[in-house]
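Note that these values count all heavy atoms, side chains included, but never hydrogens, waters or copies made by symmetry. In what follows, chains carry the letters A, B, and so on, assigned in the order in which the sequence lines appear, proteins first and then strands, with residues in each chain numbered from 1.
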Amino acid sequence: MLVKELDLTEPVVCLIDDYLNQSARLLSENNLKYLPVVESHAHRNVIGFVTDKEICRQAIAKGLDPKKTTVGRIMNHRFFTVGPDTRTDECWRIMKENDVDFLFVNKEDNSCSGIVTKDQLPEKDFFFDTSRIQIQYAKTDRLF
Amino acid sequence: MKVEEIMTKNPACCTSDAKLQEVAQMMVDNNCGCIPVVESDENKKPIGMITDRDITVRTVAEGKNPLDLTAGDIMSDQVVTVKSDSSVEECCNKMEENQVRRIAVVDEKGACCGIVAQADVAINADQSKTAEVVQKVSSAS
């Protein structure tokens with residue numbers, strides 16, 4: 001299966017100069033876990049992201065006022081991207097190898113067109129099916 | 001399998017008068033996104049839970065300054081608990097019934113002694129199922 005076959009929507013984004021209260025409102029109002037930070041609304045290439053974790057641990061814990069602190073100061077720079085023609089099993093491999101739960105999907109012009117999470121991948125079922133297969137083999141004595 | 005076998009033991013806790021900056025620092029120090037709120041440091045009876053999501057949406061997103069607020073101001077006060085000697089299955093049922101992703105574990109005195117998250121259940125449930133079946137097959141042959 002390819003990424004472009006998944007039901008992805010163009011994500012809500014924020015800018016590096018937005019204040020944290022603005023980005024927190026976007027996270028809350030849109031019920032988001034991940035908020036990409038892009039260079040500009042015109043050219044939506046991702047340069048980082050923020051979550052509740054960054055807001056709490058990189059700002060609140062350090063005593064920074066969220067109304068005076070910009071996204072650029074606390075955003076997370078560690079992210080991975082794939083294209084629409086990337087296979088979903090490759091996405092799963094990238095997530096597992098790098099211990100991340102999501103990937104940004106970029107179009108040819110490097111603008112962000114979606115976010116793919118582990119829950120959306122068909123491989124998540126295969127992961128649990130593997131343990132069921134082991135149980136099936138054990139029941140039929142094929143391991144012995 | 002008992003809850004006490006899969007839980008994170010002795011989690012960092014705070015009281016309701018803890019400042020949110022202090023709570024956020026505890027999340028950094030303990031690398032966690034959830035802090036149980038207890039009645040007192042002495043009895044550790046759970047009275048609420050506070051997560052990084054609570055801090056973000058209930059203060060920052062609403063334009064409030066979290067540096068002026070305490071855990072008691074924003075914590076979720078519907079605490080779901082499970083006893084440490086309960087089964088993992090009972091724990092799962094409680095999480096499903098109450099639609100929570102984390103549950104506080106209490107000892108015989110009602111003091112918070114652990115936390116179980118959905119990920120803890122998922123990892124250990126698969127392993128226990130596999131181990132149980134292999135054991136049954138081994139004993140039969």
Side-chain angles (χ1 to χ4, degrees), chain A residues 12 14 18-35 49-71 74 76 99 101 118-119 124-144, chain B residues 12 14 18-35 50-71 73-74 76 101 117-119 121-141:
Chain A
V12 173
C14 69
D18 287 345
Y19 291 107
L20 292 187
N21 59 316
Q22 295 170 292
S23 60
R25 198 176 314 128
L26 289 174
L27 284 168
S28 176
E29 290 175 352
N30 295 280
N31 197 26
L32 302 172
K33 190 171 179 183
Y34 312 103
L35 183 63
F49 69 93
V50 288
T51 67
D52 305 326
K53 186 176 174 180
E54 278 72 40
I55 290 174
C56 278
R57 301 191 198 187
Q58 302 303 326
I60 310 309
K62 295 180 180 178
L64 301 178
D65 184 343
K67 285 185 178 176
K68 298 177 182 174
T69 306
T70 59
V71 163
I74 64 133
N76 195 323
D99 195 23
D101 294 326
K118 268 185 183 171
D119 289 343
K124 77 175 189 318
D125 296 322
F126 176 74
F127 174 73
F128 291 107
D129 280 342
T130 303
S131 62
R132 292 196 199 109
I133 290 171
Q134 289 174 345
I135 293 170
Q136 287 298 319
Y137 276 138
K139 284 182 177 175
T140 58
D141 287 334
R142 286 186 187 182
L143 289 176
F144 302 96
Chain B
C14 71
K19 293 285 190 185
L20 289 186
Q21 181 181 355
E22 181 187 335
V23 175
Q25 187 60 51
M26 292 173 78
M27 292 178 180
V28 174
D29 295 341
N30 294 277
N31 193 25
C32 66
C34 177
I35 302 288
I50 185 166
T51 66
D52 45 15
R53 188 69 176 181
D54 291 328
I55 294 176
T56 300
V57 304
R58 295 180 182 181
T59 67
V60 183
E62 294 188 1
K64 299 175 185 174
N65 190 343
L67 305 179
D68 296 334
L69 299 170
T70 64
D73 291 328
I74 67 155
S76 302
R101 294 189 299 150
Q118 271 187 348
V121 173
I123 292 170
N124 289 281
D126 280 344
Q127 289 174 349
S128 68
K129 279 181 186 171
T130 306
E132 182 185 326
V133 171
V134 171
Q135 186 182 22
K136 281 183 179 176
V137 171
S138 297
S139 61
S141 61

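Using a 4.5 Å heavy-atom cutoff, the side chains of A:T51 and B:R53 are not in contact.
With chain A as partner, the option from B:G33, B:A61, B:A24 having the largest number of non-hydrogen pairs under 4.5 angstrom is B:A61. Per-residue counts of heavy-atom pairs under 4.5 Å with chain A were compared for B:Q21, B:Q25, B:K64; the largest is that of B:Q21. With respect to chain A, the highest number of heavy-atom pairs below 4.5 Å among B:V57, B:T59, B:T51, B:V60 belongs to B:V60. For chain A, the option among B:N65, B:L20, B:V23 with the highest count of heavy-atom pairs below 4.5 Å is B:N65.
Heavy atoms of B:D29 lying under 4.5 Å from chain A are absent altogether.
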Indicate every side-chain donor-acceptor pair of residues 59-68 of chain A with a distance under 3.5 Å to a residue at least two apart or in another chain.
residue: A:K62; atom: NZ; partner: A:Q58; partner atom: OE1; Å: 3.0
residue: A:D65; atom: OD1; partner: A:K67; partner atom: N; Å: 3.0
residue: A:K67; atom: NZ; partner: B:G63; partner atom: O; Å: 2.9

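Distance check, rounded to the nearest 0.5 Å: CE of B:M27 to NZ of A:K53 gives 11.5 Å. Here A:D52 contributes atom CG and B:D52 contributes atom CG; the two are 5.0 Å apart, rounded to the nearest 0.5 Å. Here the CD1-CD1 distance, from A:I55 to B:I55, works out to 10.5 Å after rounding to the nearest 0.5 Å. Atom CZ of B:R58 is separated from atom OG of A:S28 by 10.0 Å, given to the nearest 0.5 angstrom.
In A:Y19, the OH atom is not crowded: 12 or fewer heavy atoms of neighbouring residues, nucleotides or ligands sit closer than 6.0 Å.
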